[in-house]
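Numbered from 1 within each chain, the chains take letters A, B, ... in sequence-line order. All values derive from a computational prediction rather than experimental measurement. We use all heavy atoms of the structure for the numbers below, so side chains are in, but hydrogens, waters and symmetry mates are not.
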Protein chains: 4
Amino acid sequence: MLFRIDASNGLPIYDQISRQMKFAIAHGALRSGELVPSVRELAQRVAVNPNTVARAYRDLQIDGVLEPLRGEGLRVTAHAVDVCQRERLSLLKERLRGAISECRLSGLDTPQIRELVDAVLQDTAVNGTS
Amino acid sequence: MLFRIDASNGLPIYDQISRQMKFAIAHGALRSGELVPSVRELAQRVAVNPNTVARAYRDLQIDGVLEPLRGEGLRVTAHAVDVCQRERLSLLKERLRGAISECRLSGLDTPQIRELVDAVLQDTAVNGTS
Amino acid sequence: MLFRIDASNGLPIYDQISRQMKFAIAHGALRSGELVPSVRELAQRVAVNPNTVARAYRDLQIDGVLEPLRGEGLRVTAHAVDVCQRERLSLLKERLRGAISECRLSGLDTPQIRELVDAVLQDTAVNGTS
Amino acid sequence: MLFRIDASNGLPIYDQISRQMKFAIAHGALRSGELVPSVRELAQRVAVNPNTVARAYRDLQIDGVLEPLRGEGLRVTAHAVDVCQRERLSLLKERLRGAISECRLSGLDTPQIRELVDAVLQDTAVNGTS
DNA sequence: GTGGTCTAGACCACC
DNA sequence: GTGGTCTAGACCACG
């Protein structure tokens, strides 16, 4: 599983981690029942503070995506896939909506916004993360 | 000039103010040489603390968009239009880029993203601001 | 009499006016008994708000440099020359002291400061005002 | 690192703080990569409101001298030394230029100004800060 | 713990 | 009247 933390993302790191983990589950890269990396290991891998990973994992437990397995770590829950697939689009839409509503507020009309989106899509086409 | 402050925007209020003022200038709603509303007046209009407006105005001075007219107030600079028009798209693109790059990261391909954008565009078509 | 108002001087306009008037008197360009320009006229000449000139004149009256001549305007007092010549150096020294003390604070030693002063003296040698 | 705030400096406190920090960096007293004192600590040390220190630090971020280390504090950037050394002389020269141009305006010639500077240099030689 | 945001209110400088 | 500075203190986000 690959995590890409982007400091200029606008989202806090713990959100980036939890969201990407949800995306991975929705996408099938991480299956129900599997153990996720330990806090320490993931923290080292993405080079962030363990507290940050812990917070992401805590949020994922609250969302019912992860559950503790006594003494072994955290496991993807049985219904995590449903949750994550359902949430995936809404998370993304919500964020898009914020950006697009500001476009409208700045006076752009729908075709202009679509044009701008296409420009960004091209910019991010090849190496599409940052 | 209309200001819409959205507490759940993600952006701090002073940023919303300065960005919207840039958009208004880029759009021609506010012209070079005009005085902007006084700190106190705008603060009252958008129902925020004068300090918050003052910070937005200060940021706009740093960006060269406003200039002080001693004892009279703040004036839109001569080259503000250039600055704002140049910045408008980049500010919006930067925000779109964050959202779109996360879409890619979540496994969506370009057509899927475009589809999602269209859905959001429809959602925000009529009462599109917040 | 020539006035040069420099917005980037650091000093408020009314101070620039009153100080330059003192310098003019110290220098003999303006003599005891002479009437100074009216508030309106000087305001127009240097393109500032009449209130600003009025404030400068008020300060000069407080300092005993100008005195009102009923119905005619303001006149340079008899002892103005003494006052202005005495003040001239101290006003200039006080200002230099502020700049030089910051140089020391920044870690420059005396020869380095002298070198810096020489550089500024060269820069301002030809057209020496701004 | 030593900070000397002088209320009668003419410069606002936050400027005095940011300028002295730049001088400290230019001088090597503060190195790239080091964490600067926390807002709260410095505020207490120089006995000003934390907001005032925060503003100085924010200005230093805008100038690219400091960068945030999320949750840890503010760090001197890698290129801060370049920036600060380049700025140091220009900041000081700018202030000297204002004082010296006024000397010229008052009718002093170059040797007279140099003489006046020497007088000030002597006055400020021993306990030279305020 | 860190910095950032925001509010409330006082005071000053300038015009 | 204008903007600018500073203080005091609350709250939040982040690690």
Side-chain angles (χ1 to χ4, degrees), chain A residues 5 7 10-17 39 43 46-56 58-59, chain B residues 5 7 9-17 35-43 46-61 66-75, chain C residues 5 7 10-17 39 43 47-56 58-59, chain D residues 5 7 9-17 35-43 46-58 60-61 66-75:
Chain A
I5 300 305
L11 292 182
I13 295 172
Y14 65 81
D15 264 340
Q16 297 187 43
I17 292 173
V39 168
V46 298
V48 301
N49 189 304
N51 285 332
T52 306
V53 176
R55 158 117 194 224
R58 200 196 60 194
D59 290 348
Chain B
I5 300 306
N9 190 324
L11 292 181
I13 295 174
Y14 64 81
D15 264 341
Q16 297 186 44
I17 292 174
L35 287 176
V36 297
S38 81
V39 169
R40 290 168 178 81
E41 186 203 331
L42 185 54
V46 300
V48 301
N49 187 288
N51 281 332
T52 306
V53 177
R55 162 131 189 216
Y57 280 3
R58 182 155 36 89
D59 290 347
L60 288 168
Q61 287 182 64
L66 297 183
E67 61 187 356
L69 223 58
R70 299 228 250 187
E72 284 198 61
L74 295 168
R75 180 173 62 180
Chain C
I5 301 304
L11 292 181
I13 295 173
Y14 64 82
D15 265 341
Q16 297 186 42
I17 292 174
V39 168
V48 302
N49 190 305
N51 284 331
T52 308
V53 177
R55 159 116 195 227
R58 200 196 60 195
D59 290 349
Chain D
I5 301 305
N9 189 325
L11 292 181
I13 296 174
Y14 64 82
D15 264 340
Q16 297 186 43
I17 293 174
L35 286 176
V36 297
S38 81
V39 169
R40 290 167 178 81
E41 185 202 334
L42 185 53
V46 298
V48 300
N49 188 289
N51 282 331
T52 304
V53 177
R55 163 130 188 217
Y57 280 3
R58 182 155 35 87
L60 288 167
Q61 286 182 65
L66 298 183
E67 61 187 356
L69 225 59
R70 298 228 253 188
E72 285 199 61
L74 295 168
R75 179 173 61 180

Distance in angstrom units between Arg40(D) CZ and dT5(E) P, rounded: 14 Å
Polar atoms only, N or O, under 3.5 Å: list the protein pairs with nucleotides 13-15 of chain F and their distances.
unit_1, atom_1, unit_2, atom_2, d
dC14(F), OP2, Tyr14(A), OH, 2.5
dG15(F), OP1, Arg70(D), NE, 3.3
dG15(F), O3', Asn49(A), ND2, 3.0

Name the nucleic acid region contacted by Val48(B), choosing base, sugar-phosphate or nothing; use a 4.0 angstrom heavy-atom cut-off, strictly under. sugar-phosphate
Does Gln61(D) have a side-chain nitrogen or oxygen under 4.0 Å from the phosphate oxygens OP1 or OP2 of dG4(E)? yes
For Leu42(D) versus Pro37(D), what's the shortest heavy-atom pair and its separation? CB-CB, 4.2 Å
Expressed in angstrom and rounded to an integer, what is the separation of Leu74(B) atom CG from dG1(F) atom C1'? 14 Å
Report the distance from atom CD of Gln16(D) to atom P of dT5(F), rounded to the nearest whole Å. 12 Å
Spacing of Ile5(D) atom CD1 relative to dT5(F) atom P, expressed in whole Å: 14 Å
Under the criterion side-chain contact (heavy atoms from CB on, under 4.5 Å), which of Asn49(B), Val53(B), Val48(B) is the partner of Asn51(B)? Asn49(B)
Nearest atoms (heavy-atom pairs only) where Gln61(D) meets Pro68(D): OE1-CD, 3.7 Å
Closest nucleotide of DNA chain F for Ala47(D) versus for Gly73(B): which of these residues is on the 5' side? Gly73(B)
Would you compute the distance between atom OG1 of Thr52(A) and atom CD of Gln16(A) and round it to the nearest 0.5 angstrom? 11.0 Å
Working to the nearest 0.5 Å, report the span between CG of Leu11(D) and CD1 of Ile5(D). 10.0 Å
Closest contact, heavy atoms only, Ala43(A) versus Pro50(A): CB-CA, 3.7 Å
For atom OH of Tyr57(B) and atom C1' of dT5(F), their distance in whole Å: 19 Å
Taking atom types as they are modelled, would you say the side chain of Arg58(B) forms a donor-acceptor pair with the base of dG3(F) within the 3.5 Å cutoff? no
Secondary-structure notation, DNA chain E, from Watson-Crick and G-U pairs under 3.5 angstrom (| other strand): ||||||||||||||.
Rounded off to whole Å, could you give me the CD1-to-C1' distance for the Ile17(C) and dC15(E) pair? 11 Å
Using whole Å, what does the distance between atom C1' of nucleotide dG3(E) and atom CD of Glu67(D) come to? 14 Å
Residues which pass salt bridge (charged side-chain N to carboxylate O under 4.0 Å, His left out) with Arg55(A), listed by chain and number, not counting sequence neighbours: Asp59(A)
Could you tell me the separation between the OH atom of Tyr14(D) and the CD1 atom of Ile17(D), rounded to the nearest 0.5 Å? 11.0 Å
